[in-house]
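Note on naming: letters A, B, ... go to the chains in the order of the sequence lines (proteins, then strands), and numbering restarts at 1 for each one.
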2 protein chains.
Amino acid sequence: MKPPNKGGRGGPDPVSELTTNRLSIYLRALAALDKAGVRAVSSQALADQFHLNAAQIRKDLAQFGEFGVRGVGYVVTDLLRHLREILGLDRQLPVAVIGAGNLGLALADYSGFRIEGFDVVALFDVAKHKIGRRSRAGVTIHDIRHFPRLAKRLGIRIAVLAVPHAQAQRVADAVVGAGIKAILSFSPGGVEVPGGVKVKRVDLTVSLESLSYYLAQGDGHES
Amino acid sequence: MKPPNKGGRGGPDPVSELTTNRLSIYLRALAALDKAGVRAVSSQALADQFHLNAAQIRKDLAQFGEFGVRGVGYVVTDLLRHLREILGLDRQLPVAVIGAGNLGLALADYSGFRIEGFDVVALFDVAKHKIGRRSRAGVTIHDIRHFPRLAKRLGIRIAVLAVPHAQAQRVADAVVGAGIKAILSFSPGGVEVPGGVKVKRVDLTVSLESLSYYLAQGDGHES
DNA sequence: TTTTGTGAACTAGTTCACAGCT
DNA sequence: AGCTGTGAACTAGTTCACAAAA
C-alpha cells in the first residue's frame, strides 16, 4: 500500500544497485517463462527455477508496486511489462562505444545488446586511420572530437568506454561534458565523474585476480 | 597476532569476495605508487589517493598477516609482494578463451590480461572453419572437443566463456569435466557448476539495464 | 488454500575509535 | 608523535515467518 515513488524525486535513490541488478535478472527469467507459454508464476516457483530467494523477489518487486495476486502469484506478461517500464526499457536507448580497438569493436557488434532495447549507434576513436571505417556489423567509427555534436544528433544516452586506462579519465570528462549521464567503463581502475552521473565498471583484471586467489587457496590443500 | 590461515584448509573460505576484489584494487594502486618511486604509504594516504576507506584497507590486509609498520605505514614493495602471493600472481596462470566470436577474439588479445600474470594460451570453438586459424595476436583456435587434452597439456587453470547463452551450460560442463576450477563467464544468465568450482560472471545486459534504470529515474524529474 | 507483502530477526559488510606498537 | 590492527558500533542486505488478501 506504500506509494511506489514512481518517477523519482530529486533526492538520493533509495533503491539499491543490487536490487536493480536483480530486476534485470528477473526480467530475463520472466522472458524465458513467457516464451515457454507460462501464464502466472509464484515467487517460490521463480526462485526454485532460477536459483533465487522467494522473499527477496517479493521484496524487490514490492518496492515498485503491488504486482502480485495473492493466492496466484505474478501474471508473467504483466510483470514483464512493469519490469521493462521500471528499467526504462520501454524505449530504445542509443549507445555509443568509445574506443574502436578489439574490445570496442566486439562490444559494438555484440548481439546480446540489441535484444533488450540497447542500440549501438556509433563508435568513436582518436586514431585517424580508423575514422570513417565500420565495424563488421556496420557501426561507423567517428572522430572522438565530434562526440558532443553526434551525441546530441543521435540522442546517445549511454557511453561504453573501451579505451586504454591512460585515456579513460580524459574520455570520461569529454563524455560527461557532452551531457552523458550513464557510463559503462571497461577501463581498469575507474574514472571520476561529477554527481548525477552513473558509472558501472567492468574490471576484467579484478575478476581474473579474484579467480586467481581462489585457485591459489585451492592449490594449498590439494597438494 | 591471529594466524593468517595461509594455504587454506578444506573448509569454506572465510575471506569474502568483496575483499579479494579489493585486494586486486590495492595491488593496482600500490603498483602505481611503486612506479612513482614511493617507498612507504599509510592506509590513510592510500585511501585518500584512490578513494578508498583507510580502516577497510587495514582490515582487509590484516586478514592475511601483519604487513604494516606502526608509525610508518606499509612498505610498498613488501606489500606488493605479499599481495601478489596472496592473489596467486607469483606465477603465470594459463587461460583459455572458449568461443572465438567477436568477444572471445577480443578477450584473447586483450593486452590488459598479460600484464599481471595471465596468459591466454588457447582459443576454442565448435565452428569447423575457425579451427586452426589464429587471433590477430596469434592465439590459435582449437576444436572444443580437444579441450580436455589441451587443457592438460597447456596447464590451463582458468576458462573464459564467451559463447552464446544457449551453449554456455554445455561448455561449462565440458570445462568442469576437464578439471577446470575457475571460470569467468560472459554469458547472460549464469551457469551451474558443482561445488569446488568458482564462477565469476560479467553480465553486460545486467550492467546496461541497471544504467537504464538510473536514466529512467533521472528522466522523471528532469522533464 | 495459496501466495503476496512486510515487519522482525538475522547476517554480512563497513566505519569508527582507540589501545598498543614503533 | 604516527600509524597499525582490531573490538565495538553502525549500516546495509538477506531471510524468516506470518497476517492479510484472493
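- Residue B:Leu52 contributes atom CG, which lies 14 Å from atom C1' of C:dT15 at whole-angstrom precision.
- B:Gln169 and B:Asp173 share a donor-acceptor pair across their side chains, judged by distance under 3.5 Å alone.
- C:dG7 atom P lies 17 Å from atom CD of A:Gln56, rounded to whole Å.
- The distance between atom CD of A:Glu66 and atom C1' of D:dA21, rounded to the nearest whole Å, is 10 Å.
- When the side-chain nitrogen and oxygen atoms of B:Tyr74 are compared with OP1 and OP2 of D:dG2, none of them lie within a distance under 4.0 Å.
- Of the side-chain N and O atoms in A:Asn53, one or more sit less than 4.0 angstrom from OP1 or OP2 of D:dT15.
- The base of D:dG2 lies outside donor-acceptor range of the side chain of B:Arg70, with no N or O pair under 3.5 Å.
- Protein atom CZ of B:Phe67 is 9 Å distant from nucleotide atom P of D:dG5, rounded to whole Å.
- With 3.5 Å as the limit, one finds no donor-acceptor pair spanning the side chains of A:Tyr110 and B:Asn102.
- Residues A:Gly71 and B:Asp60 both approach DNA chain C. Their nearest nucleotides, taken by heavy-atom distance, put A:Gly71 toward the 5′ side.
- Under 4.0 angstrom from either OP1 or OP2 of C:dT14 there lies at least one side-chain N or O belonging to B:Arg22.
- Shown here is A:Arg39, whose CZ atom has no more than 12 heavy atoms of other residues, nucleotides or ligands within 6.0 Å.
- A:Leu61 comes within 4.0 angstrom of no nucleic acid atom, judged by non-hydrogen atoms across all strands.
- Map A:Ala55 and B:Ser42 each onto its nearest nucleotide of DNA chain D; the residue landing nearer the 5' end is B:Ser42.
- B:Ser185 and B:Arg201 share no side-chain donor-acceptor pair at under 3.5 Å.
- Taking atom CG on B:Leu18 and atom C1' on C:dT15, their separation rounds to 15 Å, with Å as the unit.
- Atom P of nucleotide C:dT14 and atom NZ of B:Lys59 are separated by 11 Å, given to the nearest angstrom.
- Within the nucleic acid shown, A:Thr19 has no heavy atom closer than 4.0 Å to any nucleic acid atom.
- Look at CD on B:Glu17: it is 13 Å from P on C:dT14, rounded to the nearest Å.
- Regarding B:Arg58, its CZ atom lies at a distance of 13 Å from the P atom of C:dC18, rounded to whole Å.
- The aromatic rings of B:His82 and B:Phe67 sit parallel to each other, their planes meeting at less than 30°, with 60° as the upper class boundary.
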